[in-house]
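Every chain is numbered from 1 and lettered A, B, ... according to where its sequence line falls, protein lines coming before strand lines. Side chains are part of it too, since the values below use all heavy atoms of this structure and drop only hydrogens, waters and symmetry mates.
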Amino acid sequence: MQYPDAIAKLIESYSKLPGIGRKTATRLAFYTLGMSEEDVSNFSESLKASKSDLTFCQVCGFITSKSDNPCVICSDPSRDQSKIFVVEDSQDEMAIESTHDYHGLYHVLNGVLSPMAGRGPEDINVSSLITRLSDHPEVKEVIIGLNASTEGEATTLYLGRLIKPAGIKVTRLALGLSMGTNVNYADQLTLTQAVNGRTEI
Amino acid sequence: MFLNNLRLVNFRNYKELNVAFSHSINVLIGNNAQGKTNLLEAIYFLSMGRSHRDSNDRDLINWSAKSAVISGEIESRTARYPLEVRIEKGGKRVLVNHLTENRLSDYIGNLNTVLFAPEDLELVKGSPGVRRKFIDSEFAQMSSNYLFNLLQYRNALKDRNAYLKNIKWVANSPKFDETYLSVLDDQLIKFGSAIILQRFSLIQTLEAYAREVHLAISKIEELKLCYITFPTVNEQSSQEEISEIFKKQLLKNRNRELFLKSTSVGPHHDDLKFLINGKEVGSFASQGQQRTTALSIRLAEIEMMKFETGEYPILLLDDVLSELDGKRQTQLLDFIQDKVQTFLTTASLSDIDKGLIKDPKIYHVKDGVLIND
C-alpha cells in the first residue's frame, strides 16, 4: 500500500529540509492536509517567492528583494560610509544589525575559504569587496567578523593581506570570554585568547 | 591502582569466569589458543572501553551468545568501586559503580593500564608512522594543549593539501592565489612549530624516564631518544626560529609541492630515533635489545602516569619474558615487583624462573577456564 501521489511528493519535499527525517516529514505532510486552504496557499506562495523575488545585493551580497537592489542598507545615505563590516552570511549581518550599535555598511562573503569543501578565493564574494574598496576611497576601515573557526581564521588572514597594503585599516572582532561566563568554566583556548587580547582599563 | 577481581561472561572463549587477583604479579600459563591474551584483552577493554587488537566490538562476543560482560572491582588509593562493560551486537555500555556513564571519555581513567604486546616491537622496528602515532597519542593524553595543536595542524594540513590538489595547470604553469597559499602556509607553520616545540620538551621528559628504566633492565646500556625534524632545528630552538625554518623549507619546496599536489615538509613527516650507547636501535641492535627498548618506553609510560595521577597503572605483559635473557628477566621483574600490579602471559613456566617472582599467583589457562595453582 502506497500513499497517493500528492502526499508522497509532499513528504519527499519536507524530508529535503535540514534536520527532518522521513517520520517528521510524514507528520508535517499530514498536518498540512489539515491546514486551511488559505494558509496552504500562502505557504506555497512564500516558498515560491523565496526563489523568484529574492536576489543578492549587487553591492554588498546581502539577501534582498529584486525590487530593492542595492539593498536597504547600501542605499541608506545616513549610514557611516567610512566603515565596512565583513560577515560570512546574511544571518550574521542580521545578528550584528540587531545590536543597534553599528551604523556602517556591510559586505557579505556568502561563504568562507575552505579548500576541503572546494571553496577558493574565486568562489566567495571577495573580488567585489576589492572593487568596492577601490571605487570608494571614503572607506577608512574594514571590520572582519567571521566565525572563530580554522576556515574563518584563514579567511580573516587572507582578507587582511589583500586589503592592508592599500592603506585601509583592517580590524577584527575580539576573541575571548563571552558575557556572563565564569572564568573557571571557560576552556583553555578561550582563556589563552582572552589573556592575549586583554585590554587596559 | 589494583584490579581485585574479574568477571567475564561470554567474552571471546570465556563462557563464564570469576577470578580474584593478587596485587603483585599474576602469571597466566597455557598453551597457544587457550585464552591468555583474551584475558589481557578483557582487562584492557575494562580500562579503555575498546580492544587493543580488534576494532569490531562484535567479534569479542562469544559465538554462541548475544552479549558479553566484563566487570571487575577496582581498588585505588582512595576508593573501591566496580567497573562494568556490557557489549551487545548494537553497541556497548560502560558503568562505574553500577551507574551508566554516557560518554566513553568520562569513563576512561577509572582504570589505568599499560599494555605491552608483541606488536609493540613495531615501535622500534616499524615505519616512522608507527612512532608518530605513538608520540601523538601519548602526548595528547598528557597535554590537552598538544592535542589542540595537533588537531588544528591536521586541519590546516588537510586544507593546504586540498588547495594544492585543486590548483589547475594552464599552459604548463599552475594557476593559484599567492596570497591565499601564504595564509595556508602560515596556519600550517603556526601549529606545526608549536607541535615541534612541544615534542622536543615532551620527548625529553619521556627520555628521562625511559633511560632510567632501560638502565635498570639492561644494567649497562644507555638509551637515548632523538627527535628527528628539520635538520637545523634542535631542542634549543625557539618557536620563532622553528617557524622561520619551516617557512624557508615550504618556499624551497614550493615548486615540487605544486607539482606533487601535497605538503612535503612538516612535523607530519618527523620521526623518533632510539639510540643504545650511541647506535641506532632499529638497524644495529639485536632482537632482544629492540624488545628491551620498546619495553623501556612502555615502562617509562608507567612512571609518567604515576607522576601524573599519583598512582601506578596496571601493567599487562603479553608474552614478553620468553624473548629476554635470564638477566634481563630478573631485572625487569625486580623493577615491577612490589609496586605495579602485573598480569603476564607465557606459554610455559620454564621460560620464567619461578624463584624470581616473590609470591607469584599462577593461573593455568585451558580452553577458557582458569585454574589457580
Would you indicate whether [X], at its atom [atom1], is surrounded by more than 12 heavy atoms from other residues, nucleotides or ligands within a distance under 6.0 Å?
| X | atom1 | result |
| --- | --- | --- |
| E138(A) | CD | yes |
| K89(B) | NZ | yes |
| K66(A) | NZ | yes |
| Y81(B) | OH | yes |
| K169(A) | NZ | no |
| M35(A) | CE | yes |
| R254(B) | CZ | yes |

Check each atom of Y180(B) against the heavy atoms of chain A and say whether the ones under 4.5 Å are side chain, backbone, both or neither. both
Which bit of D159(B) comes within less than 4.5 Å of chain A, counting heavy atoms only: side chain, backbone, both or neither? both
Between [atom1] on residue [X] and [atom2] on residue [Y], distance to nearest 0.5 Å:
| X | Y | atom1 | atom2 | result |
| --- | --- | --- | --- | --- |
| Q152(B) | E153(A) | CD | CD | 9.0 Å |
| E151(A) | N155(B) | CD | CG | 7.0 Å |
| Y153(B) | T150(A) | OH | OG1 | 14.0 Å |

Among L157(A), L113(A), L162(A), single out the residue with the greatest number of heavy-atom pairs under 4.5 Å to chain B. L113(A)
Measure E122(A) against the heavy atoms of chain B and call it side chain, backbone, both or neither at under 4.5 Å. neither
Contact summary for N166(B) and P115(A), nearest pair of heavy atoms: ND2-O, 3.7 Å
Ion pair R161(A)/D186(B), N-O distance below 4.0 Å: yes
Derivation of the side chain to side chain contact (heavy atoms under 4.5 Å, CB included) call for L184(B) and Y158(A): CA-CA 9 Å; L184(B) 291 172; Y158(A) 177 70; over 6 Å; no
